[in-house]
S.K.: 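Okay, handing you the structure first.
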Amino acid sequence: MEAEAARAAAAGIYPVDILEDDPERHWEAALAYYTTLREGMRPPVEFFSLPTGEQVKLEATSVCFCTVHRDEPQHKILVLVNPQDTKTVVAVYIKEFWWPTEDVLRTSDPAREGLMKVQSFGERIVLFILNVVIFGRLERNLDDGDMFFLPHSVKEQAKILWQDGAAVGFYTTKRKGSLCGDGTGACYLLPVFDTVFVRRTYRRQGLGMAMLQDFCETFREDEALGVSWPISPAMYQVCRKFLEAHPGERRRLWEVEPPGAWGQRGSIWLKVQRQQAQLPDSHPGNSKEDMSHHGRTSPDDGPRPSQDDKKERTSGEQEQTKSDQDCGVKEAAVGRLRPARWAEPEEKEAKRTVMDVGLAWESQQKHMRPSS
């Protein structure tokens with residue numbers, strides 16, 4: 001089975017190019033395969049080879065289901081986890097084959113280049129792998145105070161950044177008029193640049209600025225645009241460089257909390273000017289550490305009091321996503337937004353943030369909240 005996927009990849013065929021836009025059918029096929037593993041109906045024993053040369057036995061205890069969309073629990077994919085680290089996904093079951101995660105992120109379609117809107121179920125799987133598997137576990141410092149994203153909503157507006165046949169990043173937005181969360185009737189009052197990620201080997205190439213520019217151009221008719229609070233040191237530098245290069249956007253970009261009323265906005269350009277008047281060491285963008293910039297993006301982002309009305313930012317309820325199998329990836333890669341320190345108690349709540357363009361939110365998020 002692994003050999004067939006390898007041959008397909010060698011022929012330039014990848015899951016995103018061949019997977020039908022039918023999540024129910026995909027789920028049924030994955031469930032049928034899992035049933036054969038669970039009931040021992042697949043002779044002979046099969047193995048999957050890791051890049052290290054280690055062989056992973058394909059059995060029910062080494063696989064589990066992950067929910068692709070936090071608000072569509074029936075949309076699941078079957079993943080294979082590393083037996084030495086059950087929070088790490090090493091392959092995904094698609095079209096009757098086990099595909100290494102890196103192949104899931106590749107395409108043979110030359111039309112997939114640059115920022116492309118996420119539309120098909122195959123592209124949603126790519127978004128999930130980038131968001132929850134690659135960033136959530138493989139490409140961030142697990143010892144810092146960083147956080148990872150929840151699986152996105154099926155309604156989430158997202159674009160994947162394709163480069164040289166591979167998905168190397170993404171960003172998502174909250175549209176003006178969309179609900180701030182499932183538990184509130186409040187709606188966003190302006191478009192918001194919400195979650196962003198760029199893979200480690202593609203950072204420091206201006207891709208963060210390119211995404212921010214694409215966001216501004218997408219909502220050209222709007223007088224005000226938001227970037228999710230709080231802005232990390234690395235994202236602050238992206239905003240600073242972007243606004244210095246594009247003076248016309250200085251009055252449009254605001255750091256916002258949902259729903260984005262005037263009391264919940266702060267001028268990013270004003271912050272730049274204030275910081276430039278201080279000593280270099282005090283600049284929020286002077287951090288040398290590559291972390292991840294994420295904005296608030298949890299399921300229950302309700303409206304927040306204005307800066308004048310609140311004395312302290314506190315954490316909110318986290319969404320818990322249930323998978324069919326109680327394996328390590330359930331909490332780490334599928335269900336919860338939590339701080340990067342995996343050993344911390346579950347009751348320590350965190351919020352969903354916005355961006356790892358090699359960018360990261362500052363650890364001032366020790367008062368964390370859920371994302372919308």
Side-chain angles (χ1 to χ4, degrees), residues 115 130-131 134-149 158-159 161 163 168-173 192-216 225-246 249-250 253-257 266-276 278-297 313 337 339-341 350-369 371:
L115 284 162
L130 281 173
N131 174 34
I134 302 299
F135 170 64
R137 184 65 185 172
L138 299 180
E139 294 194 3
R140 66 189 181 92
N141 185 352
L142 300 182
D143 295 324
D144 61 29
D146 202 21
M147 293 158 288
F148 59 88
F149 305 143
K159 287 187 177 182
L161 179 59
Q163 188 167 307
V168 303
F170 70 85
Y171 82 87
T172 68
T173 60
V192 177
F193 191 65
D194 195 38
T195 68
V196 188
F197 170 69
V198 172
R199 295 204 66 177
R200 183 175 294 156
T201 55
Y202 293 87
R203 296 170 188 171
R204 305 189 184 285
Q205 299 179 25
L207 299 182
M209 281 185 60
M211 290 186 182
L212 185 56
Q213 182 174 354
D214 183 81
F215 167 71
C216 292
L225 301 175
V227 177
S228 290
W229 174 93
I231 295 180
S232 71
M235 185 59 193
Y236 169 84
Q237 289 286 31
V238 171
C239 292
R240 178 183 63 79
K241 293 177 182 178
F242 175 76
L243 293 177
E244 287 176 347
H246 300 83
E249 303 291 355
R250 294 173 183 176
L253 277 183
W254 301 82
E255 184 177 20
V256 303
E257 298 182 63
S267 169
I268 297 176
W269 180 242
L270 179 59
K271 182 178 180 180
V272 168
Q273 292 177 306
R274 286 176 175 173
Q275 292 298 332
Q276 287 178 337
Q278 299 177 16
L279 294 175
D281 289 345
S282 66
H283 285 200
N286 278 356
S287 172
K288 297 181 180 179
E289 186 175 3
D290 254 342
M291 294 162 57
S292 296
H293 167 87
H294 319 280
R296 300 189 330 131
T297 52
R313 295 184 173 112
L337 180 64
R341 291 184 289 275
K351 73 167 193 50
R352 190 167 61 110
T353 46
V354 184
M355 171 170 208
D356 186 282
V357 196
L359 314 174
W361 290 103
E362 36 192 335
S363 293
Q364 70 185 41
Q365 306 90 283
K366 292 184 179 178
H367 297 291
M368 305 177 193
R369 307 171 303 189
S371 44

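FYI, side chains are in, hydrogens and waters are out, and symmetry mates aren't considered; it's all heavy atoms of this structure.
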S.K.: Of all heavy-atom pairs between L225 and C216, which one has the smallest distance, and what is that distance?
M.R.: CD1-CA, 3.7 Å

S.K.: Go through the structure and list residues passing side chain to side chain donor-acceptor pair (under 3.5 Å) with Q213, not counting sequence neighbours.
M.R.: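 Expected list: E217.
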
S.K.: Do E244 and W269 make a side-chain contact, defined as non-hydrogen atoms from C-beta onward lying under 4.5 Å apart?
M.R.: yes

S.K.: Give, for atom NZ of K271 and atom OH of Y236, the distance between the pair rounded to the nearest 0.5 Å.
M.R.: 7.0 Å

S.K.: Kindly give the heavy-atom pair with the smallest separation between M211 and V198, and that separation in Å.
M.R.: CE-CG2, 3.9 Å

S.K.: Which atom names give the shortest non-hydrogen contact between W229 and E257, and what distance separates them?
M.R.: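 The answer is CB-CG, 3.7 Å.
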
S.K.: Within the 4.5 Å heavy-atom criterion, are M235 and V196 side-chain neighbours or not?
M.R.: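 M235 vs V196: side chains apart.
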
S.K.: What's the separation between atom CG in L207 and atom CG in L115, rounded to the nearest 0.5 Å?
M.R.: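 Separation between the atoms: 8.5 Å.
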
S.K.: Can you list the residues that meet the side chain to side chain donor-acceptor pair (under 3.5 Å) rule with E249, with sequence neighbours excluded?
M.R.: R220, R252

S.K.: Within the structure provided, determine whether C239 and V272 are in side-chain contact (heavy-atom separation under 4.5 Å).
M.R.: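 They are not in side-chain contact.
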
S.K.: Quick check: do E255 and V227 have side-chain heavy atoms less than 4.5 Å from each other?
M.R.: no

S.K.: Hey, what do you get for CD (Q276) to CZ (R240), rounding to the nearest 0.5 Å?
M.R.: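 Rounded to the nearest 0.5 Å, the CD-CZ separation comes to 6.5 Å.
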
S.K.: Is any side-chain heavy atom of Q205 closer than 4.5 Å to one of Q163?
M.R.: yes

S.K.: Side chains of T195 and F170: closer than 4.5 Å at any heavy-atom pair?
M.R.: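 Contact flag for T195/F170 side chains = yes.
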
S.K.: Mind checking whether W254 and S267 have side chains closer than 4.5 Å, heavy atoms only?
M.R.: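 Yes - at least one pair of side-chain heavy atoms lies under 4.5 Å apart.
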
S.K.: Side-chain contact test, heavy atoms from C-beta onward, threshold under 4.5 Å: evaluate it for L253 versus F193 and give yes or no.
M.R.: no

S.K.: Any chance you could measure Y202, atom OH, to L161, atom CG, to the nearest 0.5 Å?
M.R.: 9.5 Å

S.K.: Supply the atom-to-atom distance I231 CD1 to Q237 CD, rounded to the nearest 0.5 angstrom.
M.R.: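 Between I231 CD1 and Q237 CD, I get 12.0 Å after rounding to 0.5 Å.
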
S.K.: The test is side chain to side chain contact (heavy atoms under 4.5 Å, CB included); show your working for L130 and R199 and say whether it passes.
M.R.: CA-CA 8 Å; L130 281 173; R199 295 204 66 177; 4.1 Å; yes

